[in-house]
Each structure stands twice: as structure tokens, then as C-alpha cells.
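Everything on this sheet refers to the single structure shown next.
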Amino acid sequence: MNATTVTSVRALDIRACAAGLLRFAAPYEVDTLLGDPLTQNASVSYGLLNRVVAEAMLRRPGGKRLPPAYALLAPGTCLVGRLLDLDDPQVNGQLFLTPGMPRNLLRQLAHQTSRHDGVTPLPFSSDVLDAAVTQRHQSFLLHAADPDTAARALRSLGRGADPHGAIRACRTLLDAGRTAELAELVEQDVLPETRWGADESEPSVSAYVRAALTGEEGAARLRELSERVRRPERLRSAAELADAAACARTDGGMPARTLVHRRHPAIPRVDWAALLDGEPERRRREGPLPYRAARLMAQRADVPEELLLLAVADHPELAPLVPSPSPALLALVRDRLPAVGAAALVKVAGNGFVAATLTAEEIVAGLPPEALDRYAESLWLPGLRGVAAVRALLGRDGDIPLRPFVVDETGSGTRRSLRTPGVRAHWDAEALYGQLTATALRWHGELTADEVLSMVTPDAVLAPRPGVLPDPRVLRRLAELVHRHLGNRPEAWMVALRLLQDGFVGTLPELLATAGAVAG
């Protein structure tokens with residue numbers, strides 16, 4: 001069958017097409033590619049965060065590290081933790097000013113100390129402090145470890161300050177020896193005067209401060225209270241990771257909501273060394289890790305591998321959540337294949353390739369036949385380059401007939417993102433790829449992936465409009481062509497980007513082949 005082909009290829013939105021093309025880049029290629037002006041904002045394509053690009057951005061210096069804020073708190077993402085682990089005051093300041101960040105994260109950022117030890121100062125710049133003029137941000141700055149910042153926020157909010165934060169700010173001033181300033185705040189009637197806490201059981205902040213100024217007993221009471229109120233937590237045990245306090249029942253039988261209740265898994269600071277030291281004794285007493293603690297470990301990017309392997313050994317079903325699985329973890333999950341199933345092993349392998357912790361060769365060697373077959377047929381959009389590399393090793397890459405022409409899977413998740421019946425842009429050939437493809441489909445009745453790629457414009461498959469979902473089998477074939485012609489050669493990628501920008505007489509597959517040939 002000979003379908004009519006496009007005679008000229010030029011990207012209408014070159015930056016969006018560059019981002020779409022980088023969807024098929026391997027981690028070891030992206031560091032070089034991000035230096036091209038066309039790829040500066042290439043972290044989002046097909047409406048999804050490209051984790052390969054985002055991870056490469058995190059390796060860059062300064063504010064260029066920050067991926068788009070709306071993608072940071074997506075379910076299961078580890079990017080918030082990766083950004084916090086940088087301990088970069090500039091990045092922390094940008095996160096602090098980003099709308100929509102959770103309260104627990106804002107408390108942690110406002111504390112302005114290292115995520116690793118909770119002590120080393122990491123103060124915000126004056127620009128960030130000047131920009132944090134809203135009551136919301138000032139309220140969180142009450143938790144700052146720096147007494148000047150805490151005092152500034154306390155004076156700014158006055159009697160309207162959140163009592164939890166006001167207590168923390170007063171504790172900071174007390175520990176800094178600034179009792180004269182506390183006395184001045186009381187005299188000027190700046191501190192909150194209303195009762196607070198559960199059923200208004202606690203005296204006012206002002207009363208606590210007056211008591212602290214009269215003697216050590218009052219100061220001890222203020223310090224004790226400051227340890228009970230909401231604060232930037234540092235977790236040190238499996239019980240704290242499991243959020244045991246939040247799961248406990250009060251006298252009325254209702255859950256006791258605490259600071260860490262329903263937190264994002266990447267946010268809390270964890271003393272992994274202390275947890276690892278105490279784990280042997282805890283396991284002797286209590287047995288396997290609690291499920292909630294193991295789940296949090298599986299989703300973290302900074303957990304020591306020894307602990308991660310323990311968590312997955314105790315709860316193998318959590319293995320697909322691990323963002324950067326190692327060969328040892330892949331082997332562990334393979335040994336538990338009857339318990340977890342081939343689909344879970346495929347997800348572990350895919351995550352490993354995206355995170356550059358597993359190579360295509362290790363995946364081929366490490367997966368049993370059933371899981372390897374599933375992986376080779378996977379349509380998961382974030383991992384299509386890994387699938388293409390495995391298919392090439394197995395000799396399974398090549399053109400395929402599209403039967404049916406469109407499948408209901410979108411490539412971003414078979415359970416979350418199916419195509420919607422009745423939505424034309426999800427199923428119609430013209431809406432997906434343009435009139436030329438639709439005409440050819442009506443004429444021939446069936447098309448192959450290569451034929452579709454020979455008829456579409458670059459924007460149709462690299463930068464589709466919102467709500468338009470190219471068939472993932474076509475994108476997988478595109479990933480195979482990228483792997484064959486551009487793979488492991490950044491200079492070939494640069495040629496392909498320039499051809500997309502300037503125009504090329506031929507089809508998209510021919511453009512990729514030419515770029516590979518020109519780059520040698």
C-alpha cells in the first residue's frame with residue numbers, strides 16, 4: 001500500500017515540537033540537549049511533565065532548576081523532594097512564593113534551615129522576604145528559625161497572628177535571648193489575646209509570654225507548648241513515618257488530626273540515619289514495616305537503598321511507586337513475581353529507564369519472558385524511548401498496521417486516562433492527524449504507523465492541541481525511529497531540531513533519517 005505523503009515538513013510551533021521530540025530522549029542525552037535555545041522550556045509535552053527533562057533541569061545551577069510549579073505536586077511525583085534536597089535558598093524562595101503549595105511545605109520552607117540536618121541556616125533573600133507581604137506568607141514566616149524574620153512577621157501580623165505560629169516565633173525569640181523584645185511586644189499589646197486550641201482550652205499567646213518572662217517555669221511551659229503545636233517536622237522512626245498519631249483514636253472515636261496527617265510523601269524531612277539505626281530493634285519487636293511507612297519510603301527519592309529494599313520486601317505491591325528503582329530492586333521484585341504480577345514488574349522497569357537507573361540491556365536481562373513481552377508492547381508515554389530500545393534489542397521494532405486505527409489507551413495510564421466515547425478529537429482521523437491522513441484512511445481502509453507518520457505535520461504528533469490524543473502506537477513507532485537515527489548522538493538531535501525549525505522537503509521519518517545521516 002502506498003499512501004500519499006507530506007512533501008514538506010516544518011514545525012509551526014517549534015518550541016512545542018522540540019518539547020515533544022524530547023519526550024523520546026534518553027536521560028544521558030538530555031543534559032546536552034537542554035543547552036539548545038529551542039529546548040529551554042521543554043519540561044512539559046503532551047500535557048504531562050517530562051521527568052527525564054525535569055531531572056536534567058535539577059542538575060542545572062540556580063533558578064533554572066525549577067520545573068513548572070503546577071507539575072510539582074502531581075500524585076506520586078518525587079520532584080518536590082528532589083528540589084528540597086538541593087538545599088538551594090533561591091529554589092526554596094521560589095517554591096515558598098508559588099501559589100498552591102501545601103501548608104506543611106510552607107512551614108518547612110519558612111523555617112529556613114537545611115532539609116538534611118534541620119539546623120544549618122538557609123535564609124531567604126531580601127527579595128523573597130519583601131515579596132512575602134501577604135498575610136498567608138507572613139503567617140508561615142512565624143516559623144522561621146531566624147529571630148529577625150520571626151519578629152518581623154510577628155509585628156506585621158500583630159494580634160491577628162495564628163496562635164500556633166505566634167508561639168513558635170516567641171519560642172525562637174526566647175531561645176535567642178531576646179526577652180527585652182518579647183517584653184516590648186507584650187507592652188505594645190501586639191501578641192494574640194484570645195484563648196485557642198481544642199475547645200479554647202489554651203490561654204492566650206500573650207499570657208504564655210508573660211509567664212515565660214516571670215521565670216524558668218513559665219519559659220519551660222512555653223517551650224513545651226511550642227513542641228506540641230504545628231511545626232516543621234523531622235521524622236525519626238517508622239511509627240512517625242506511618243503517621244501513627246494521626247491514625248490514633250480520640251475518646252470520641254474520631255481520628256486525632258495532627259501536623260503530618262494526609263501530607264504529601266515528598267515533603268516531610270526524615271532522619272534516615274536514625275531510622276536505619278533503630279530499624280533492627282524495631283523489627284525484632286514489631287515485625288515488618290507498617291504499610292503506611294513503607295508506602296512513604298517507596299515514594300521518596302532520598303531513602304537509603306537498604307531501607308527501600310526492606311520496605312519493598314515487606315510490601316512488594318509498592319514496588320511500582322519507586323521513582324528510581326535499582327537493579328537490586330528489580331531482581332527483588334522479579335523474585336516475588338507470583339505475588340506482584342508481570343504488570344508491576346513492567347512498571348518498575350519503566351521507572352528505572354526514565355530515571356536512568358536501569359538500562360535497556362539490564363531490562364532485557366532482568367525481566368522474565370512474560371513481563372518482557374508486556375514491556376515490549378507497553379504504550380506508557382513517559383517510557384516510550386525505553387520500550388523502543390528494548391524492542392530494538394529484541395528485533396521487534398518496525399512498522400505495524402493500526403488495527404484498530406485508534407485504541408482507547410492514551411499512553412498516560414490505562415486506568416486514569418482512557419479516551420472518551422463521543423469526543424471527536426479522541427477518535428477521528430482528521431481531528432487527530434489532519435485531512436490528508438483522514439482521506440488516505442477512507443481510501444485504503446487501513447494504515448500503518450509509518451504511513452501515518454509520513455502524512456502528518458510535526459505539530460500533529462509532537463505538539464498536539466489540548467484534548468487531541470495521538471495514538472500511542474504511532475508515538476511508539478516515532479520513538480523507535482528516534483532511537484534508530486538520533487540515539488546517543490546529541491549532534492543528530494541538534495540537526496533534527498534545526499530541520500524542524502527551518503523546514504525539510506520530505507516526511508517526518510525522512511527528516512529523522514537525514515538528521516542521523518548528516519550527523520554521521
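Hydrogens, waters and symmetry mates are skipped; everything else that's a heavy atom, side chains included, is used. Numbers for residues simply follow the sequence, beginning at 1. Bear in mind that the values here come from a model prediction, so they are computed numbers and not experimental data.
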(request) Start with the C-alpha distance between Trp380 and Asn351, add both sets of side-chain angles, then the distance that settles side-chain contact (heavy atoms from CB on, under 4.5 Å), and finish with yes or no. (result) CA-CA 10 Å; Trp380 183 51; Asn351 285 343; 3.4 Å; yes
(request) Check whether any side-chain heavy atom of Arg300 lies under 4.5 Å from a side-chain heavy atom of Pro268, and answer yes or no. (result) yes
(request) Go through the structure and list residues passing side chain to side chain donor-acceptor pair (under 3.5 Å) with Arg391, not counting sequence neighbours. (result) Glu377, Glu480
(request) Using atom types as modelled and distance alone, determine if a side-chain donor or acceptor of Arg477 lies under 3.5 Å from a backbone N or O of Leu453. (result) no
(request) Tell me, with the steps shown, if Arg295 and Glu317 meet salt bridge (charged side-chain N to carboxylate O under 4.0 Å, His left out). (result) CA-CA 10 Å; Arg295 182 180 175 86; Glu317 67 276 14; over 6 Å; no
(message) Within the 4.5 Å heavy-atom criterion, are Tyr375 and Lys347 side-chain neighbours or not?
(response) no
(request) Give a yes or no on whether a salt bridge exists between Arg283 and Asp314, defined as a side-chain N under 4.0 angstrom from a carboxylate O. (result) yes
(message) Can a donor-acceptor pair be found, under 3.5 Å and without considering hydrogens, that links the side chain of Arg385 to the backbone of Phe353?
(response) no
(request) Quick one: pull up CG in Leu105 and CG in Leu84 and give me the separation to the nearest 0.5 Å. (result) 5.5 Å
(message) Set out, in order, the CA-CA distance, both residues' side-chain angles and the distance that settles side-chain contact (heavy atoms from CB on, under 4.5 Å) for Arg168 and Leu142, then state yes or no.
(response) CA-CA 7 Å; Arg168 293 292 299 173; Leu142 292 170; 5.8 Å; no
(request) Taking all heavy atoms of Arg292 and all of Ala242, pick out the closest pair and write down the distance. (result) NE-O, 2.8 Å
(message) Whether the side chain of His426 engages the backbone of Leu469 through a donor-acceptor N/O pair (distance < 3.5 Å, no angle test) should be reported.
(response) no
(request) Take Met494 and Leu33 through the test side-chain contact (heavy atoms from CB on, under 4.5 Å) and record every step on the way to the result. (result) CA-CA 8 Å; Met494 301 298 186; Leu33 296 176; 4.2 Å; yes
(message) Just so I know, are the side chains of Pro472 and Leu384 near enough to count as touching, which here means a heavy-atom distance under 4.5 Å?
(response) no
(message) Tell me whether Arg476 is salt-bridged to Asp397, with the criterion being a basic N under 4.0 Å from an acidic carboxylate O.
(response) no
(request) Taking Trp427 for its side chain and Thr420 for its backbone only, find out whether a donor-acceptor pair lies under 3.5 Å. (result) yes
(request) Measure up the Tyr291 and His315 rings against each other and bin them: parallel (under 30°), tilted (30 to 60°), perpendicular (over 60°). (result) perpendicular
(message) Is the shortest side-chain heavy-atom distance between Pro27 and Glu55 below 4.5 Å?
(response) no
(request) Determine the minimum heavy-atom distance between Ser324 and Ala355, stating which atoms define it. (result) OG-CB, 3.7 Å
(request) Check whether any side-chain heavy atom of Pro464 lies under 4.5 Å from a side-chain heavy atom of Tyr46, and answer yes or no. (result) yes
(request) Would you tell me whether Asn50 and Ser43 have side-chain atoms, one donor and one acceptor, within less than 3.5 Å of each other? (result) no
(message) So which atom in Leu222 and which in Leu174 form the shortest heavy-atom distance, rounded to 0.1 Å?
(response) CD2-CD2, 4.4 Å
(message) Quick check on salt bridge (charged side-chain N to carboxylate O under 4.0 Å, His left out): which of Asp88, Asp85, Asp271 does Arg115 satisfy it with?
(response) Asp85
(request) With rounding to the nearest 0.5 Å, note down the distance linking CZ in Phe124 to CG in Leu109. (result) 5.5 Å
(message) Contact between Leu486 and Leu481 at the side-chain level, heavy atoms closer than 4.5 Å - yes or no?
(response) no
(request) Any chance you could measure Leu48, atom CG, to Ser412, atom OG, to the nearest 0.5 Å? (result) 5.5 Å
(request) Report the distance from atom CG of Leu83 to atom CD of Gln94, rounding to the nearest 0.5 Å. (result) 9.5 Å
(message) I'd like to check Asp373 versus Arg396 (side-chain heavy atoms, cut-off strictly below 4.5 Å). Are they in contact?
(response) yes
(request) Verify whether the ring centers belonging to Phe24 and His483 lie closer than 6.0 Å. (result) no
(message) Between Thr120 and Asp117, do the side chains contain a donor N or O and an acceptor N or O under 3.5 Å apart?
(response) yes
(message) If I compare all heavy atoms of Asp471 with all of Arg419, which pair ends up nearest, and what's the gap?
(response) CA-NH2, 3.5 Å
(request) Over all heavy atoms of both residues, which pair between Leu141 and Gln112 is shortest? Give the atoms and the distance, please. (result) CD2-NE2, 3.9 Å
(message) If the threshold is 4.0 Å, N to carboxylate O, is there a salt bridge linking Asp302 and Arg82?
(response) no
(message) Quick one about Asp399 and Thr448 (side-chain donor to acceptor, distance below 3.5 Å, no hydrogens or angles considered), yes or no?
(response) yes
(message) Is there a side-chain contact between Met297 and Leu275 in this structure, where contact means two heavy atoms from C-beta onward sitting under 4.5 Å apart?
(response) yes
(message) Just verifying a value: how many Å separate Asn104 CG and Ile267 CD1, rounded to the nearest 0.5 Å?
(response) 6.0 Å
(request) Establish, from distance only, whether the side-chain atoms of Ser326 and Glu305 form a donor-acceptor pair under 3.5 Å. (result) yes
(message) Among Leu432, Val461, Leu478, Val474, which residue satisfies the side-chain contact (heavy atoms from CB on, under 4.5 Å) criterion with Val452?
(response) Val474
(request) Apply side-chain contact (heavy atoms from CB on, under 4.5 Å) to Trp493 and Leu21, showing your working. (result) CA-CA 9 Å; Trp493 283 85; Leu21 191 61; 3.6 Å; yes
(message) Using modelled atom types and a 3.5 Å cut-off, is there a donor and acceptor pairing between side-chain atoms of Thr39 and backbone atoms of Ala42?
(response) no
(request) Quick one: pull up CG in Leu106 and NE2 in His111 and give me the separation to the nearest 0.5 Å. (result) 14.5 Å
(request) For Asp277, check side chain to side chain donor-acceptor pair (under 3.5 Å) against everything at least two apart and list the hits. (result) none
(request) Mark yes when over 12 heavy atoms from residues, nucleotides or ligands other than Arg221 sit less than 6.0 Å from its CZ; otherwise mark no. (result) no
(request) Ignoring hydrogens and angles, tell me if any N or O in the side chain of Ser45 forms a donor-acceptor pair with the backbone of Arg23 under 3.5 Å. (result) no
(request) Might you confirm whether atom CD of Glu491 has over 12 heavy atoms from other residues, nucleotides or ligands at distances under 6.0 Å? (result) yes
(request) Please determine if Glu29 and Arg489 form a salt bridge, counting it only when a charged side-chain N lies under 4.0 Å from a carboxylate O. (result) no
(message) Check this for me: does any side-chain nitrogen of one of Arg228 and Glu224 sit under 4.0 Å from a carboxylate oxygen of the other?
(response) yes
(request) Give the minimum heavy-atom separation between Leu512 and Val482, together with the two atoms involved. (result) CD1-CG2, 4.1 Å
